[in-house]
Structures are given as C-alpha cells and as structure tokens.
Amino acid sequence: MKHVDEYRDGKLARAIAATIAAEADPTRDYAFMEFCGGHTHAISRYGLEDLLPANVRMIHGPGCPVCVLPIGRVDEAIELAKNPDVTLATYADLMRVPGSRGASLIKAKAAGADIRMVYSTLDAIRIAEERPDRQVVFFAIGFETTTPPSAMAVKLAEARGLTNFSIFCNHVLTPSAIRAILEAPKTGGLPPVRIQGFLGPSHVSAIIGTKPYDTFVAEFAQRIVVSGFEPLDVMQSILMLLRQVNEGRTAVENQYIRAVTPEGNRAAQALVDEVFELRDSFEWRGLGAIPHSALRLRERYATFDAERRFAMTPIVASDNPACECGTILIGAKQPADCRLFGTVCTPETPMGSCMVSSEGACAAHWTYGRFRDRARASAGRAAS
Amino acid sequence: MKHVDEYRDGKLARAIAATIAAEADPTRDYAFMEFCGGHTHAISRYGLEDLLPANVRMIHGPGCPVCVLPIGRVDEAIELAKNPDVTLATYADLMRVPGSRGASLIKAKAAGADIRMVYSTLDAIRIAEERPDRQVVFFAIGFETTTPPSAMAVKLAEARGLTNFSIFCNHVLTPSAIRAILEAPKTGGLPPVRIQGFLGPSHVSAIIGTKPYDTFVAEFAQRIVVSGFEPLDVMQSILMLLRQVNEGRTAVENQYIRAVTPEGNRAAQALVDEVFELRDSFEWRGLGAIPHSALRLRERYATFDAERRFAMTPIVASDNPACECGTILIGAKQPADCRLFGTVCTPETPMGSCMVSSEGACAAHWTYGRFRDRARASAGRAAS
Amino acid sequence: MCLAIPAQVREILPDGMARVGLDGVVKEISTALVGDLAVGDYVIVHVGFALSKIDAVEAERTLALLAEAAGAPAEAMA
Amino acid sequence: MCLAIPAQVREILPDGMARVGLDGVVKEISTALVGDLAVGDYVIVHVGFALSKIDAVEAERTLALLAEAAGAPAEAMA
Amino acid sequence: MDVKSGRVDLSHGAGGRASAQLIDEIFRDAFSNAWLDQGNDQAAFDVPLVPGGRMVMATDAHVITPLFFPGGDIGSLAVHGTINDVAVGGAVPLHLAVSFIVEEGFPLADLKRIADSMGRASREAGVPIVTGDTKVVERGKADGVFITTTGIGVLAPGVELSGDRARPGDVVLLSGSIGDHGVAIMASRENLGFETAIVSDSAALHRLTAAMVAAGGTGLKLMRDPTRGGLAATLNEIATQSRVGIRIAEEALPIKAQVVAACELLGLDPLNVANEGKLVAVVEAGAAEAVLAAMRADPLGREAVAIGEVIEDDRSFVQMTTSFGGGRIVDWLTGEQLPRIC
Amino acid sequence: MDVKSGRVDLSHGAGGRASAQLIDEIFRDAFSNAWLDQGNDQAAFDVPLVPGGRMVMATDAHVITPLFFPGGDIGSLAVHGTINDVAVGGAVPLHLAVSFIVEEGFPLADLKRIADSMGRASREAGVPIVTGDTKVVERGKADGVFITTTGIGVLAPGVELSGDRARPGDVVLLSGSIGDHGVAIMASRENLGFETAIVSDSAALHRLTAAMVAAGGTGLKLMRDPTRGGLAATLNEIATQSRVGIRIAEEALPIKAQVVAACELLGLDPLNVANEGKLVAVVEAGAAEAVLAAMRADPLGREAVAIGEVIEDDRSFVQMTTSFGGGRIVDWLTGEQLPRIC
Ligand code: SF4
Ligand code: SF4
Ligand SMILES: [Mg+2]
Ligand SMILES: [Mg+2]
Ligand SMILES: [Mg+2]
Ligand SMILES: [Mg+2]
Ligand SMILES: [Mg+2]
Ligand SMILES: [Mg+2]
Ligand SMILES: [Mg+2]
Ligand SMILES: [Mg+2]
Ligand SMILES: [Mg+2]
Ligand SMILES: [Mg+2]
C-alpha cells in the first residue's frame with residue numbers, strides 16, 4: 001500500500017524512537033495529547049507507548065465522535081428508530097453505543113426497529129430511493145472529516161426530490177473541543193492542564209486546514225503538530241512537539257504535508273457551510289456543554305432535518321457519576337485510576353464515554369494496553 | 001362424536017351390505033352416480049366398493065369444486081397473486097391445483113407471491129383489517145355449501161367499510177351440473193348415460209333443499225336420493241336407489257332428513273341471492289361450458305368483485321387432450337381406462353380435473369383404490 | 001366436497017358467534033347462517049360457519065331406518 | 001476517528017464517481033469533494049468519499065524528513 | 001421435479017412424496033455412499049481403529065411452530081426426536097450434538113427455557129449433549145429458533161435392523177395411539193382456531209427399544225418412528241425399502257377420540273399426522289408375542305398393538321382393511337398437510 | 001446479560017465475548033456434563049460396549065451470506081468446517097451427518113449446486129455424509145438455506161488434545177495466512193461495495209492434522225481452527241482455557257497484502273477475521289520443529305510458521321509484539337464485526 005507501508009516501517013520507528021529518547025530531557029516530563037481517536041488507535045495498535053521514554057506521556061483526547069456523543073442523543077436516536085415509519089441508517093460504529101438503561105441501537109434492532117448499517121451516506125440515499133414508503137433517517141455523527149459526506153447527502157436528496165430522507169445531525173467541531181479542554185480547568189474547577197502540546201488531527205485538518213489552530217498558539221501558548229495517522233507520522237510528530245518544548249517554541253506545525261494545507265479543502269468547507277450552521281451550544285459526553293461546538297441544518301434545509309421533521313424532543317441523561325472521563329480527557333488522570341475500569345466498565349458494558357469505542361482512552365487501554373497495568377503497579381510498589 | 005359415530009358402525013354396514021346384495025337383481029347392472037366428492041371420499045375411505053355386489057357400481061361425479069375449476073381460472077388467480085399489491089387468501093385445497101405449464105399457487109407462493117391459506121372467509125376479512133396497505137382478495141370456490149360464507153364476507157366487508165377486500169368468485173351450482181351430465185350425450189356426442197340414479201349431495205342440499213331436484217325426475221325420469229356423508233348414510237342411500245330401480249320408481253327421496261328439508265336454509269339462500277347473481281355461462285373443467293351454472297357478484301357489490309376491481313382478463317387454457325375425465329364423469333369410462341392414469345397423471349402431477357383433489361374420480365382411485373386394478377385385470381384375463 | 005361435521009353448541013357468543021364442541025375439540029364458529037341456537041343444539045360446521053341445525057327427531061328416525069335396512073335381510077335370509 | 005486510507009484512482013466514472021485501488025482491492029467512491037482527478041492520483045478515502053488528494057512531492061519530503069529524524073541520533077550517539 | 005428452474009416449495013418439506021423426490025434427485029446422487037443408501041433415519045457403520053465397534057448416527061433439524069406446545073417444546077422435541085432415530089436403529093444412544101440458529105430479537109428468557117428443557121430431556125434420557133454451536137441471524141431471516149440435533153449410539157453385536165428387512169408374514173407392531181403430537185401442535189397454532197386437551201406424545205423411546213431388542217433377538221427386523229408424514233409415510237417407506245406390501249387393520253389402530261375429532265374438523269387423516277413418541281416395528285411372526293409383551297411392559301409401550309402384517313406385493317402398496325371390512329390404500333400424503341374444506 | 005427481559009442480538013453470534021457469555025449463561029448450566037465442559041469445538045469420549053474405543057463429535061450450523069463466494073460455497077464450507085473441528089481434536093474424521101433448513105422459494109438449481117459441492121468436498125476428503133435431514137420453512141422464515149453438519153471421528157490410542165493443555169514455554173504454530181475467508185466473504189457482499197481477487201481458504205485439514213499428530217506425538221498439546229472471531233478469538237480461548245498467557249509476534253503473522261488492504265478500508269483487524277482452512281497448534285518447544293516440518297510438507301501447511309509462545313499469565317492475556325517492537329493486547333472482538341468509520 002503506497003503512502004501507507006512507508007509509514008509503518010518498524011526499523012525506522014525504532015530509529016526515530018532512539019532520536020526521541022536521545023533528545024528527551026531526562027529532567028523533564030513531557031505530556032502531549034493526541035486529540036484524535038485515529039492517533040489513539042495508531043499508538044495502541046503499534047504499541048508506541050513502549051517505544052517512548054518514560055517521561056514522554058501521551059494523553060488520549062476526546063477526538064472520537066462516537067465517544068463524545070451524549071447518552072441523551074443516543075436515546076433520541078433509539079426513540080426515532082422505534083417510530084414504525086422510520087428506517088434509521090447509521091455507521092456501524094454507533095450500533096453498540098449504550099444509551100440509558102442499557103439500551104443501544106443493536107438491541108433496538110433486535111427488538112424490531114428497522115436499523116440499517118451503512119458504509120456511506122450514499123448508501124442511505126439509495127435506501128431512501130428504494131423504499132419511498134419509509135422515512136429514512138441518517139444518524140449523522142463525526143467531526144469535520146465526516147461532515148462533508150453528510151452535506152453531500154442532503155444536497156443529493158434535494159436534487160433528487162427525495163421527500164423521505166432526513167438527517168439526525170450530531171456533527172461536532174474539533175477546534176471548539178480543543179478550546180474547551182484548554183479552558184476546562186478555568187471553567188470546571190479542574191486541575192491545571194498539564195498538556196504541553198497537541199497532535200493535531202489528520203483528516204479533520206485535511207478539510208479545515210491548519211489555520212484554525214493558530215489561535216491556540218496566540219491565546220494559550222500551545223503547541224500543535226498536525227500529524228498523519230500512520231505510526232511513523234505519529235512518532236515524527238511527537239519528536240516535533242518535543243523539539244518545540246525543548247526549544248521553548250510554541251507553534252502550529254504540519255507533519256502531514258502530503259494531505260493537509262493551511263487552507264484545507266475549500267470546496268468541502270463551502271459545501272458544509274451551505275448546508276449546516278453553528279449550534280449555540282452542544283453537549284459533549286465527558287466534557288459537558290461546549291458553545292458553538294456543533295452543527296445543525298440551516299433553515300433552508302429544514303425539511304431534511306430529522307429533529308424538525310419528527311419534532312424530536314431532547315432527552316437529557318447523565319453518565320455514571322463515578323466515571324472519570326472528564327479528568328482523563330484533560331490528562332489529569334489515567335484510565336486505570338478509575339475504580340470502575342475493567343470491573344463494571346468494559347467495552348461490552350461501557351459506563352462512560354472513554355470506554356465506548358476502541359479509540360476512547362479507556363477502551364484503547366482495555367483493548368490494547370492493560371497488560372501494562374500490573375507491571376506499572378508493581379513498578380510503583382517497588383518504587384514506594 | 002354424536003351424529004357421526006352412529007353412522008360409522010361396521011357391523012351395521014355389513015348388514016346393510018347384505019340387504020343390498022340380497023335385493024340386487026343378479027340379472028341387472030346398477031350404476032349410480034354419487035355427484036359429490038364427499039360421497040366419493042366416504043366410499044373410498046371406507047372401502048365401500050368392496051361391500052357392494054359386483055353389479056352395483058358407483059360412478060364418481062364432478063362434485064368436487066377444486067376438480068371442476070378450469071385451468072384458466074387457476075391461471076387468473078396466479079396472475080392476481082403476482083400483483084405486488086395483492087394478498088391472495090384461499091382455502092388450502094387450492095394450493096396445489098395445477099394451472100398451465102405446471103404453475104400452481106404453492107409454486108407462486110414459493111416464487112414470492114403473497115398467498116395465505118385460510119380456514120374461513122372470516123380469516124380473510126381479518127387479514128384485510130390487519131393490513132390496510134394490502135389488497136386482500138379471497139379466492140372463492142365451492143358449491144352452494146361454501147357460497148353463503150363468501151356472501152357473508154362481502155356483507156361484513158361492506159359493513160366494516162373495508163376498501164381493500166374483494167372476492168375472486170368461482171362459486172358454481174350443483175343442479176346445473178347435474179343437468180349438464182344428463183344432457184351430455186345429447187349435446188356432446190357422448191355415449192348415452194348409463195346412470196340409473198344419483199346420490200344427492202348432503203350439505204349443498206342442506207342449503208338449497210331437495211326441491212331443486214324434482215325437475216330431474218320430471219324431465220329425465222331420474223332417481224335422486226339426497227344422502228348424508230357418513231358411510232352408513234351412503235349405504236342406506238344406495239339401498240334406497242336400488243329399491244327405486246327394482247320397483248320401477250323415479251323419485252327424489254331424502255335419506256339425510258336430520259339436516260336437509262325440502263326448502264333448505266332460506267336465510268342462507270336469501271343472503272346468497274342478495275350478493276350474487278347468475279353468470280350466463282361458466283366453464284367446468286371436464287364438462288365444458290355450462291349455461292347458468294355459476295355465480296358472480298351483483299352490480300351493487302361490484303367494488304368487492306376482484307374481476308372488476310383488477311380488470312382481470314379471462315385466460316383460456318385447455319386440458320391434456322388424452323384426458324378422459326369427460327367420459328369418466330358421465331360413467332362411460334373408469335380411471336384405469338385412461339392411458340395417462342398412474343403414469344404421467346398422478347395426484348402430484350394431475351393432467352385432468354379428476355386427478356386434482358382426492359375427491360376426484362381418478363385421484364380417489366389412485367389414492368385409495370388402485371390396489372384393486374390388478375385383481376380386476378387378472379379377473380378379466382381369467383374370464384377372457 | 002363441502003367437508004362438514006356435526007358439533008354441539010357449548011356457548012353462545014356475541015356477534016353471531018358460538019363455541020362448539022366435538023369430542024373435546026372446541027372451536028369458535030359463526031352462527032350467522034342458522035339463526036337462533038341454544039346450548040346443546042347440534043349444528044353442521046363448514047369452513048367456520050354453522051350451515052344448519054341437526055334435527056334430533058329425524059336423526060332418531062334415520063337410525064331406526066338404518067336398523068331396519070340392516071335387519072330386513074336377516075329375516076329374508078333366515 | 002475518521003478512518004481513512006490512501007488509494008489510487010484507477011478509473012474516472014460518470015457522476016463524480018471513481019474506482020480506486022488499494023493493493024488489489026478495488027472500490028467505487030465519490031470524488032465530489034475533491035474536484036478534478038486523474039487516473040494515477042492518490043486520494044484519501046473516508047466513508048466512500050475522497051477527502052483530499054495526496055501531494056506526491058510533499059510525500060517524498062516527509063519520507064526524507066523521517067529518514068533524517070531516524071538518522072540524526074545515529075550521528076549524535078556515534 | 002424441474003431442477004433447472006423450479007423452486008423449493010412447502011410440499012418439499014412435508015415428508016410426503018415430494019420430500020422423497022427432493023432427497024432422491026438432489027441429495028442422494030450428490031452424496032452417494034453405502035451408508036446413506038441404507039435409506040434409514042439413521043446410518044449404521046463399523047468404526048475403524050476400534051475392533052468390533054459398530055455405531056449409528058442420526059440427525060434432524062427442528063423448525064416447529066409454535067416453539068412451546070402442550071406436552072413439550074422445540075428443545076425437548078429436538079432431544080427426543082434424535083434419540084429416537086438412534087434408538088429405532090437398534091442402538092444404545094450415547095451422545096447428542098446440538099446446533100442453534102437463533103433469530104435476532106429472540107427473547108433470552110425463551111432461549112433459556114428451551115435450553116433448560118433440552119437439558120432436562122437429555123438428563124432424563126441419560127444421553128448428554130456433549131458439543132454444540134450457536135449462530136445468530138438477522139431478524140426476518142429465521143423463525144425464532146431452529147435446532148438441529150445429531151445423535152450417535154452403539155450397536156450391540158448382532159443387532160442389525162434396517163427398513164429393507166421386512167418380509168411377507170412378518171407382523172407390524174405399533175407402540176401406542178397415533179396423531180397426538182400433530183394435533184397438539186395444530187391446536188396451538190392460533191390461525192386454526194381450535195382447542196383440545198391433547199398433549200404431544202414427545203418422548204425418548206430408547207428404553208422401550210432396548211427392551212424390544214432384548215426380547216426380539218434376530219426376530220426383530222426393523223423399527224421406525226412415524227414422525228413427519230405420520231404412520232402412513234412410515235409404512236410406505238418400509239414397504240418401498242423392503243419391496244413388500246403391508247396390510248393393516250383400521251380397527252386395530254389406537255386413535256384418541258379427540259384426535260379423530262380434530263382430524264374430522266380439519267379434513268385430515270390421522271394416518272398422516274405426526275407422532276413424536278411412538279414407534280412401528282416389524283417382527284417375525286414367531287417373535288411378535290414376545291416383543292409385544294416387552295413393549296407393553298414399558299410405560300411408553302403400554303398400549304402397543306399388532307396392527308397388521310407384511311404381504312407380498314411388488315407394487316409396495318400399503319393397504320388397510322377398513323372398519324367396514326372394505327379395503328383401501330394408505331398412501332403418502334400428497335403435498336403439504338393442510339386443513340381442507342373438501 | 002439480562003436473561004429475564006433481554007433479547008438475542010447480532011453480537012451474540014459474532015464469536016466474541018457476547019457469544020461466550022450467551023453459551024455460558026444459557027447453555028452450559030442447562031446441559032452441564034463433563035464432555036461439554038471440555039470446552040473445545042469438539043467433544044472427546046470413550047465408547048461403551050467398544051473396548052478401547054475413543055471418539056470425538058463436533059457440530060456447526062452454517063448460515064453464511066452469500067451462499068456462493070470465491071473459493072467455495074456454503075456446502076463445501078459446511079463439510080470442511082466440521083471435518084476440521086473433528087480433525088483439530090486429533091481424530092480421524094469418519095462420517096458426517098447433514099441437516100438442511102431450506103427457505104420456501106429457494107431455487108432447486110442452487111440447492112443442487114450446493115449438494116453437489118458438498119458431495120465433492122466430502123469425497124475429496126474421504127469423509128462420507130451418511131445421514132441427513134431436510135426441512136422447508138416458509139418464505140421469510142430463513143435465509144436461503146442453513147446447513148448444520150455434524151462429524152464424528154476416531155482417536156488413535158494416546159492422542160489427547162485439548163484447549164486446556166497449553167503450558168508456559170510451549171510454541172504456537174499457525175498453518176498459513178489469516179483473514180482470507182472473511183475478506184473473500186465481505187468482498188462478495190454487495191453492500192460493502194469492494195472487490196478483491198482473494199478467495200476463501202476453505203479446506204479440509206484432516207490430512208494436515210494427521211501428519212501433525214504423527215510428528216508431534218505427546219508434544220502436540222492442542223490444535224484449533226481460527227474460524228468465526230479469527231485468530232484473536234482462538235488464541236484467547238486457548239489462553240482462557242489453559243489459564244496461561246500467549247505472546248505472538250506481529251512480524252511472524254502471514255497476512256496477504258489484499259487482506260491487509262481490505263481490512264484497512266473497512267476498519268477491521270485481520271486478527272478478528274474468519275478463516276476456514278487454517279489451524280493453530282500449541283506444541284512443546286521440543287516438538288515444535290518436527291511438527292512445523294510436518295506441516296510444511298502438507299500442501300495446506302506449506303506456509304506454516306511459529307507465531308509465538310505460551311507464557312505465564314493468570315490474567316490470560318494474549319499479547320502481541322508489534323512490528324514496531326511495542327506491545328499490545330490482542331482481544332476478543334467486541335460485538336459484531338462491522339465495518340467501522342472511526
Ligand atoms: S473506565 Fe469507564 S467509568 Fe471509568 S473513566 Fe473510563 S469510561 Fe469512565
Ligand atoms: S387419469 Fe388423469 S388424464 Fe386420465 S382421465 Fe384421470 S385426470 Fe384425466
Ligand atoms: Mg433423522
Ligand atoms: Mg427424527
Ligand atoms: Mg422430527
Ligand atoms: Mg461452532
Ligand atoms: Mg425417524
Ligand atoms: Mg463446532
Ligand atoms: Mg467449525
Ligand atoms: Mg464456521
Ligand atoms: Mg429426518
Ligand atoms: Mg473450530
């Protein structure tokens with residue numbers, strides 16, 4: 001796989017790891033957040049933590065759209081799916097996400113709701129065309145990467161005169177979430193952020209460009225390296241962040257130059273802007289309500305907005321109060337610090353947002369990393 | 001089972017058989033037709049042929065509504081069932097009746113048509129009520145016995161305001177068929193009828209009474225004994241016919257007095273008359289077109305008439321020309337005389353009407369009686 | 001044709017329906033075609049409808065005739 | 001999030017669609033979000049859409065930077 | 001059968017002539033081997049590596065509606081049905097394997113009820129379920145749950161029963177009343193709208209068959225359980241396999257009054273109705289009395305009777321002397337067993 | 001699992017933790033016996049009446065969509081799958097039983113094609129289908145055809161393989177590339193809309209296993225075929241059953257480029273993707289070379305490799321050293337295996 005295999009070379013990785021180890025200042029602690037679940041996946045999948053020196057720590061961010069979807073929105077989707085006229089089309093990732101009281105789309109489907117897993121919004125459009133007798137609702141989630149295909153579906157539905165297609169929009173915005181993390185200690189009474197830099201998202205940035213991150217340097221004196229998703233991309237980006245720290249710089253840098261430009265994909269941006277508009281505020285699971293952090297359909301496309309078409313009423317539901325996702329997401333705690341981790345809270349029965357998808361901080365640790373816990377625990381014990 | 005077991009007493013049967021044997025004139029040949037498939041069934045099921053003297057022969061008549069249904073009407077029902085909006089409800093007896101080119105409802109169902117077997121017209125009405133999105137058509141067949149429940153369904157559908165229920169009407173009339181058999185030699189160039197008397201139908205007569213048969217005595221000097229369906233009813237009725245012959249009488253007699261009156265069921269007659277009217281002519285499989293022999297819905301109920309609602313076009317299809325049903329039904333030949341019998345023509349692959357239902361002359365012989373063929377053949381050979 | 005069987009009325013139901021019994025087998029049928037019925041009556045049941053009542057007196061008479069038909073030859077042959 | 005993978009355009013189809021290949025795996029995708037493409041181009045594919053083109057020159061530059069990042073310490077530690 | 005462009009229809013599954021044809025034209029040639037060609041409801045075979053070992057194997061898919069019915073459920077039925085196919089081969093049932101195909105949405109409580117019932121049936125029979133498999137299919141791609149059970153059993157030396165061993169003069173035995181299972185099932189189907197107190201006869205017959213094997217010795221020619229297609233199908237299978245005729249006496253057949261009544265109402269013949277706890281045996285005349293006595297000593301054979309005899313007939317007809325003294329053929333069911341109006 | 005009011009959903013059938021839970025909570029207690037508790041994909045048992053006889057029995061329902069796919073069809077798969085479950089128990093497969101559940105309307109020509117394919121597969125394997133059953137269900141109550149196969153086999157004296165016999169220090173062997181079957185199936189599903197040249201690896205492995213049994217002697221601890229749930233599920237089963245850890249090396253895993261590409265595209269891990277002609281073996285270190293040589297001598301084991309070792313770990317973790325030298329857990333699949341977007 002060209003443009004893939006080159007970035008999965010283990011020997012090169014170990015060499016870069018040696019560079020990082022060589023350049024890491026042993027008197028310092030480095031803490032970087034990979035915002036994006038894609039990076040979390042690469043780190044876990046390739047065991048990159050084992051390649052980093054002990055004083056370079058990665059904090060798993062909230063950049064998994066499945067994880068940050070509030071329980072209430074899942075409940076609303078399930079309610080919608082129970083409507084006998086509705087066929088709910090959704091990406092497979094959402095099937096097992098738990099709503100309130102153990103409900104989920106996969107269980108709603110088992111109980112008779114008409115729910116279809118699709119690979120693309122085009123599949124949802126095709127279902128609507130094939131079944132004019134059904135109201136087909138696409139359960140849309142995702143960051144800026146996944147939003148343009150949703151916008152495209154709305155445009156297509158309009159062009160084809162489909163009166164039985166709509167979108168339950170849950171698209172959210174990356175920069176707003178980064179801002180919320182940076183402001184969290186201030187607004188939420190949480191411990192000060194220990195994050196010294198962000199791995200910026202790969203494909204979100206392919207759409208929005210690198211410019212939207214400039215403000216974080218100006219306002220918060222943060223470091224951002226937009227990074228590709230392959231493991232060598234991640235290693236190199238970590239090195240770039242580490243060098244910024246060592247050199248006392250704060251800047252937006254772009255490691256993923258092969259796909260990301262400062263301006264991003266203007267056509268996609270225009271399309272999204274035509275179809276969607278900002279919500280005043282939106283609830284993020286694990287982070288709470290974040291102003292201007294999500295999209296909804298513009299008035300002009302109101303007829304394709306499931307929330308309006310079905311007069312959906314918001315459902316408010318709260319997470320298990322013992323869940324530590326909020327503090328984990330800002331780097332103040334780690335998954336194994338949560339007393340629910342691995343006992344009542346597992347990927348089969350997630351109690352909090354970080355356990356929902358394998359890209360969530362807790363789930364990634366459970367699925368890929370938990371073998372390290374005992375070593376760590378005993379290392380801790382030996383040290384104490 | 002009261003009113004049943006009394007009429008299935010084997011000892012009594014053998015005693016009556018002895019009476020018949022004693023009273024049968026050895027110099028005569030007696031040939032009686034049981035018009036009705038129900039009688040055919042009783043005769044076959046209980047092996048009554050073995051209880052009758054060799055010179056008292058029963059000829060199986062056309063009184064099986066499944067058998068006499070023309071292939072073309074089956075084809076029309078199959079076409080109707082293929083209409084994607086239509087749910088065809090039908091008595092199970094019709095499922096395997098072959099239309100043209102090996103088609104049948106059971107195969108059409110296998111190929112995707114929505115066909116439901118019902119036990120009663122009330123079940124068909126219930127389906128129509130449960131599925132307002134479907135056009136439910138009841139495929140109605142039967143003699144005067146089965147017609148009142150169809151009429152009742154039409155009245156109910158009207159009362160309940162059902163706009164998705166209709167009837168594909170194939171109800172036929174017994175007296176017209178008897179007349180056709182009696183006139184067959186004249187009109188069809190067939191050998192003269194050898195029938196010396198009829199067992200009149202049980203439940204048809206419960207509805208129409210015995211009076212409609214009087215004309216056959218007057219016009220054709222025939223003998224009719226309306227007979228119950230239980231085997232002792234049949235034995236006694238045969239004895240009554242034989243006595244008429246011996247005594248040179250021709251009369252309508254009623255053996256089934258416990259259920260049949262001269263006038264019949266007036267309420268049922270009125271109901272049928274309200275909903276249905278005579279067709280000018282109707283095709284009977286094995287007998288050809290018979291004038292005034294079938295019913296259709298009156299203009300006033302046109303909306304419940306599937307033929308009109310779906311603008312059904314008549315399909316004409318003909319039987320295998322080698323089929324001998326026509327001559328078998330008037331008693332001129334017997335099933336084993338047909339060269340297709342038991343080779344290409346079996347109940348699984350019926351070529352003619354008499355093989356369709358187990359009450360048809362050929363099917364009854366195949367299913368219950370064919371063990372006698374070799375004995376007969378060798379008896380014939382020994383005699384020759 | 002016209003498969004039908006005598007069953008006894010066990011219970012009159014609303015809307016012209018009744019429950020009938022046949023040797024421990026119970027079924028709900030329409031009595032719309034036969035008018036007034038009483039529990040204990042026998043009716044002939046066909047495709048879920050009662051077609052006619054059974055006349056108990058005529059049934060007795062039929063059984064007597066059957067016995068006669070069966071008995072006669074015994075004497076004749078004696 | 002945003003599972004996406006580079007694939008090579010093999011065939012331009014009508015209606016803003018294209019067939020792309022990834023090591024012998026072929027898939028039909030929409031190219032509506034990226035404008036003009038030529039056979040041979042690499043695009044990043046996400047939920048059935050091309051999100052952006054891959055810049056071959058910048059890719060080469062990245063590989064060079066990677067080699068540099070890997071090589072530097074070898075000298076430093078030498 | 002139009003293999004080229006035809007489709008499977010319901011009559012292919014009814015255990016009548018269409019089923020036999022499907023098996024003949026599609027499966028028999030495709031799989032062709034001496035064991036399958038035995039044509040019994042179980043295959044008997046020597047076990048290599050194991051000197052003197054001789055075993056049988058039988059399998060059945062269970063697709064019954066409704067899943068729960070008076071006298072049992074699909075679980076107990078699946079255990080009994082396969083134990084019986086092993087047992088009527090003359091073998092001592094050893095183990096069962098079970099496979100479940102479950103429809104998405106099926107209530108876990110019902111699945112548990114079925115599993116518990118299977119466990120109970122298997123423990124009562126002393127035939128453990130030693131391996132299994134479970135698959136889940138999407139809603140609308142199954143009907144609640146389907147269960148296939150496969151059984152194996154061991155044949156004692158010298159026991160060799162097969163459907164082709166009936167000879168003129170042999171006696172036909174039946175272990176009890178017929179039609180109970182089928183009528184109980186039909187009564188629990190809502191669309192037929194009738195009620196009875198009849199319960200399914202579903203039961204494991206291996207203790208009965210063991211007693212029969214012991215009592216009959218080499219005089220016991222074959223046993224078979226008259227399930228789908230009823231007694232009529234089973235007798236026709238035997239007649240065809242052995243190339244003999246069979247004559248039974250209607251008056252000898254034990255049939256419960258309610259079964260007769262239900263069949264009258266639905267236009268069915270009790271001879272075509274399924275049983276799940278009954279068996280038919282063919283024995284040499286000399287052994288009939290001993291086998292019958294052994295049957296009657298078992299609770300599941302208490303009402304056992306001789307119902308007829310094997311006769312010479314190259315047409316393989318099954319005939320019945322009716323209660324009237326007349327004769328009739330007892331044929332396979334044509335097509336699906338459906339309630340008739342005429 | 002909410003047995004009281006819950007329902008079976010698709011994750012219960014995916015071969016992951018939910019499947020295991022379903023079996024544990026519904027079936028294991030209900031059927032409870034020593035053979036089932038062996039926890040293998042086949043049960044091994046002594047045969048009474050037959051001195052020295054020891055056999056295995058295995059069953060699987062096959063519900064695959066589509067029915068025909070590159071490299072095979074449901075028929076050949078049903079033959080191979082069950083032969084393999086018998087074979088990886090160390091037994092010589094003897095006979096198969098097959099049960100068909102066919103949906104009304106299924107084309108007879110397709111049924112014949114499937115039956116012919118089964119016959120071919122069974123003849124090629126030398127494992128005859130000796131008994132069978134066919135049921136037909138109404139349209140919309142099945143999905144074309146479901147096939148359950150059950151196999152029995154004979155164990156040579158001394159052969160005792162079981163999933164609980166892995167011990168620290170043992171070597172883990174894999175017979176060839178992984179993921180081929182699952183990717184071939186997914187590529188033939190229209191709704192996923194991708195094409196590859198990958199064909200299913202579906203094959204009968206009993207000749208390979210026989211060679212391994214011969215070469216490994218008592219050093220061969222267990223074999224298993226990594227079907228539904230993939231290599232990850234199989235390794236986790238072994239680790240859990242034996243209460244050990246397993247560490248494999250990513251670089252040792254043979255995976256075809258197209259399989260990697262398809263998995264990238266769909267967001268799947270090849271370790272979770274099903275195989276139908278591969279096996280995993282655990283052998284004592286001393287026997288590893290001999291067994292590996294025997295595997296490589298068989299056409300179906302030509303690419304056999306050692307992929308890792310058994311380690312001590314009371315948490316029964318399966319770990320993998322990645323190509324980067326890092327470590328990760330290889331977990332069961334959570335829920336159904338579905339294409340992911342993130
Ligand atoms: S383990 Fe579960 S409950 Fe604890 S922080 Fe993670 S997601 Fe929340
Ligand atoms: S055997 Fe068949 S073809 Fe011949 S007369 Fe009878 S129905 Fe007609
Ligand atoms: Mg069987
Ligand atoms: Mg059976
Ligand atoms: Mg059965
Ligand atoms: Mg299995
Ligand atoms: Mg059987
Ligand atoms: Mg198995
Ligand atoms: Mg298997
Ligand atoms: Mg399998
Ligand atoms: Mg069977
Ligand atoms: Mg296996």
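In what follows, chains are A, B, ... by sequence order, proteins preceding strands, each numbered from 1. Nothing here was measured: the structure is a model prediction, and the numbers come from that model. Hydrogens, waters and symmetry mates are skipped; everything else that's a heavy atom, side chains included, is used.
- For chain F, the nearby part of Leu94(E) is the side chain; its heavy atoms alone come within less than 4.5 Å.
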Between His95(F) and Asn33(E), does a side-chain contact (heavy atoms from CB on, under 4.5 Å) hold up when you go through it step by step? CA-CA 11 Å; His95(F) 288 319; Asn33(E) 60 66; over 6 Å; no
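- One finds the OG1 atom of Thr59(E) at 6.5 Å from the CG atom of Asp133(F) (value rounded to the nearest 0.5 Å).
- The distance from atom CZ of Arg139(E) to atom CZ of Arg7(F), rounded to the nearest 0.5 Å, is 6.0 Å.
- Contact of Leu22(E) with chain F is made through the side chain alone, with heavy-atom distances under 4.5 Å.
- For a residue to count as touching a neighbouring chain, one of its non-hydrogen atoms must lie under 4.5 Å from one of that chain's; by this rule Val98(E) touches chain F with backbone and side chain alike.
- Heavy atoms closer than 4.5 Å to chain F are found in the side chain of Ile101(E), but not in its backbone.
- Judged purely by atom type and a 3.5 angstrom limit, Lys135(E) uses its side chain to pair as donor or acceptor with the backbone of Ala61(F).
- When all heavy atoms of Glu104(F) and Leu10(E) are compared, the closest pair comes out as OE2-CG, 3.8 Å.
- Contacts of Gln38(E) with chain F are absent, with no heavy-atom separation under 4.5 Å from either backbone or side chain.
- Comparing Gly119(E), Gly105(E), Ser117(E) by how many heavy-atom pairs each has under 4.5 Å with chain F, the most go to Gly105(E).
- Counting heavy-atom pairs under 4.5 Å between each of Ser32(E), Gly6(E), Ser122(E), Pro107(E) and chain F puts Gly6(E) at the top.
- Between chain F and the options Ile152(E), Ile114(E), Asn40(E), Asp9(E), heavy-atom pairs under 4.5 Å are most frequent for Ile152(E).
- With a threshold of 4.5 angstrom between heavy atoms, Val102(E) approaches chain F through side-chain atoms but not through N, CA, C or O.
- Counting only heavy atoms from C-beta outward, the side chains of Thr148(E) and Phe146(F) never approach each other to under 4.5 Å.
- Put simply, of Asp37(E), Asp29(E), Leu108(E), Val136(E), the one with the most heavy-atom pairs under 4.5 Å next to chain F is Leu108(E).
- When all heavy atoms are compared, the tightest approach of Ala30(E) to Asp116(F) is CB-OD1, 3.4 Å.
- The shortest heavy-atom contact between Trp35(F) and Pro128(E) is CZ3-CG, 3.5 Å.
- The two residues Arg228(F) and Thr134(E) have their closest heavy-atom pair at NH1-O, 2.9 Å.
- With a threshold of 4.5 angstrom between heavy atoms, Asp110(E) does not approach chain F through any atom at all.
- Of the listed residues (Val8(E), Asp143(E), Val3(E), Leu36(E)), the one with the most heavy-atom contacts under 4.5 Å to chain F is Val8(E).
- Contacts of Lys4(E) with chain F are made by backbone atoms alone, with heavy-atom separations under 4.5 Å and no side-chain atom involved.
- Heavy atoms closer than 4.5 Å to chain F are found in both the backbone and the side chain of Thr150(E).
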Start with the C-alpha distance between Phe27(E) and Ile129(F), add both sets of side-chain angles, then the distance that settles side-chain contact (heavy atoms from CB on, under 4.5 Å), and finish with yes or no. CA-CA 10 Å; Phe27(E) 299 121; Ile129(F) 298 164; over 6 Å; no
